[in-house]
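See below for the structure under consideration.
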Amino acid sequence: MTETIASGRAGSAHVDDQPRPGRWLALAVLVLAVLLVGVDATVLGLATPFLSEDLRPSGAQLLWIGDIYSFVIAGLLVSMGSLGDRIGRKKLLLLGAVGFGAMSVLAAYATSPEMMIAARALQGVAGATLMPATLALIRNLFHDPRERSLAIGIWGAMASAGMAVGPVLGGFLLGHFWWGSVFLINLPVMALLVAVGAKVIPESRNPDPGPWDLPSVALVLVGIVGVVYAVKEAAVEGYRWDIAAVGAVGVLALVAFVRRQRTLASPLLNMKLFHHRGFSGAVLADLLTILGLSGLVFFLSQFLQMVQQRSPLNAGLVELPAAVGAVGAGLAAGWVARRLSVRIVVAGGLAVVGLALVGCTTLHGDTGTAALCVILFVVGVGAGFSFTVTADVILSSVPKEEAGAASAVSETAYELGAALGIALLGSIVTSLYRGFATPDGVPESAAHAARESLGGAVEASGQLPADQAAALLKTAQDSFVGGVDVAAGVGAVVLLSASVAAWFLLRGQELANSPATATAPAELTADGAPRA
């Protein structure tokens, strides 16, 4: 089966394997979208205090502003990846870019919490088209496996760079402009992506995709959003019957989704992809890695700003070595994996991250900048090696026709792992934090506010006499750091367990060395079954 391209011609396998002219320029355009999504994932956190002062959302509304984007994007990734395979990945990418830019303007000029929630939800719809489409287009742009490995390394490096640049860029913008500026920075990038991408990115799609099954779209949306919502809410509110009910509905919807895919002639997601051990192992490694890391990333910004009293810009600069390590490792990952092996690089990278998290169990309020930078650099190196190679394995294990759906599975594992990690590790930090004894003389109302969160402790201490404020804040900070240390230990166990799992599941998995071997045993046939 050959790939349909923009000209509408179906070339032979020999022609399809030839290097595509302009592929590196097309990649440069694609990584703009990845860079933007990375920046957008981290920059909102810095703007939240300013946004709250202006829009005055309730506590529940503030949570929705922070969470609705990830809920929607997680629920739609699989559907949008499959839609791109059907209507054209370039078309979906450009439409999503225009939508993302438009919703960024809506968010920047939001005049109420409800308007901001709606804008962030619609940003999630548009954002769900970007990451799977970019990775799937890379699969179809680069037929040489060595070039594809480098392209995926650049793709992953830009995602890491975006997440690291977000706090730095956000800190600068918030120091000079109003909070809406963190959304408007999306516009020039999106405009460049659409203008240049329309000319240099070739179209690709599944030439025989079948219909887009709307009941499957609804089931996976309800399932993923229900599970992610229940996990996040349980971490904040505890395990209530209504939260458990939402989670149960989500699980049932996912079960129904899987059963439906097995009966459809043209499923939204080909479940036979998971029969390939390399594909399943890579997806599981990504999920566990993000699960173990996300809690640390979530609480690290609070540690830097509310325990060590750093400015947002300073905190962003401290986190920058993680991106430097990830960029360097990502660019070298394919070369290293071919000289060692896939499982050595992935399992070794996860073990390195796990050991770095062991180092995080000794964090305290006086931990120096140099020690933090070293730990984060090591985390970035290990994660860069692991994520780049697993992305390469996932893309190489499926037919080009299903690259969008496979990429979406990878991104969904990332989103689900992040939700689970923040919820599970967050519940550990929260439960340990709330148990601290307040100093003598602190009013009960201030003590109650302080136990709700570290941010509440900072706010409550501002309304107390200096000696009581200092004592309350120091006690709360020590309790928070103790919780983070324990959570880092749990994260280390998860990462080291993921390393062991990757060692066994990726046994025998190798990256191809030339186009001639790209469809060798590691790849699936067009119907999803492993090749003999």
Side-chain angles (χ1 to χ4, degrees), residues 5-6 22 25-44 47 65 68-111 115-138 140-141 155 158-159 162 165-166 169 173 180-205 209 212 217 221 403-405 407-408 411 415:
I5 58 176
L25 179 58
L27 176 66
V29 176
L30 290 177
V31 298
L32 287 176
V34 177
L35 185 69
L36 190 62
V37 172
V39 169
D40 200 70
T42 54
V43 75
L44 180 64
I65 290 172
I68 190 65
Y69 175 82
S70 62
F71 286 161
V72 173
I73 201 171
L76 288 177
L77 277 168
V78 171
S79 299
M80 291 301 182
S82 179
L83 182 62
D85 289 341
R86 285 164 165 78
I87 70 170
R89 294 146 193 151
K90 172 185 175 179
K91 181 185 297 182
L92 189 64
L93 176 72
L94 297 181
L95 287 173
V98 171
F100 198 89
M103 292 309 103
S104 296
V105 175
L106 186 64
Y109 292 100
T111 56
M115 186 175 174
M116 175 59 75
I117 292 170
R120 290 294 288 170
L122 293 172
Q123 267 191 314
V125 175
T129 70
L130 299 180
M131 295 295 276
T134 56
L135 199 51
L137 284 165
I138 287 173
N140 287 270
L141 278 169
W155 177 87
M158 289 304 100
V165 167
L169 182 60
L173 290 173
S181 62
V182 303
F183 295 106
L184 294 183
I185 58 172
N186 297 337
L187 296 184
V189 179
M190 284 302 182
L192 182 63
L193 189 158
V194 172
V196 180
K199 296 183 179 298
V200 303
I201 299 175
E203 184 60 281
S204 67
R205 62 174 65 87
W212 199 52
V217 174
L221 177 63
S407 303
E411 295 300 320
E415 293 291 336

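Hydrogens, waters and symmetry mates are skipped; everything else that's a heavy atom, side chains included, is used.
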Please name the pair of heavy atoms, one in N186 and one in S104, separated by the smallest distance, quoted to 0.1 Å.
ND2-OG, 2.7 Å
Which pair of heavy atoms, one from A110 and one from M115, lies closest together, and at what distance?
CA-SD, 3.6 Å
Do you know the tightest heavy-atom contact between A121 and V72?
O-CG1, 3.6 Å
Closest non-hydrogen atom pair between A126 and G99, with its separation:
CB-C, 3.9 Å
What heavy-atom pair brings A128 and M80 nearest, and what distance separates the two atoms?
O-CB, 3.5 Å
Can you tell me which residue pairs pass the side chain to side chain donor-acceptor pair (under 3.5 Å) test with a partner in residues 91-101, sequence neighbours excluded?
none
Quick check: do Y69 and M103 have side-chain heavy atoms less than 4.5 Å from each other?
no
Qualifying residue for side chain to side chain contact (heavy atoms under 4.5 Å, CB included) with L92, from L137, T129, L130:
T129
Reported CG-to-CG distance for the pair L93 and L193, which is rounded to 0.5 angstrom:
5.5 Å
Quick one: are L94 and V98 in side-chain contact, heavy atoms under 4.5 Å?
no
Distance col, row L106:CG vs R120:CZ, nearest 0.5 angstrom, shows 11.5 Å
From CA spacing to verdict: side chain to side chain contact (heavy atoms under 4.5 Å, CB included), M116, F183:
CA-CA 11 Å; M116 175 59 75; F183 295 106; 4.0 Å; yes
Where do L30 and T134 come nearest, in terms of heavy atoms and distance?
O-CG2, 3.7 Å
What's the separation between atom CZ in F100 and atom CD in Q123, rounded to the nearest 0.5 Å?
4.5 Å
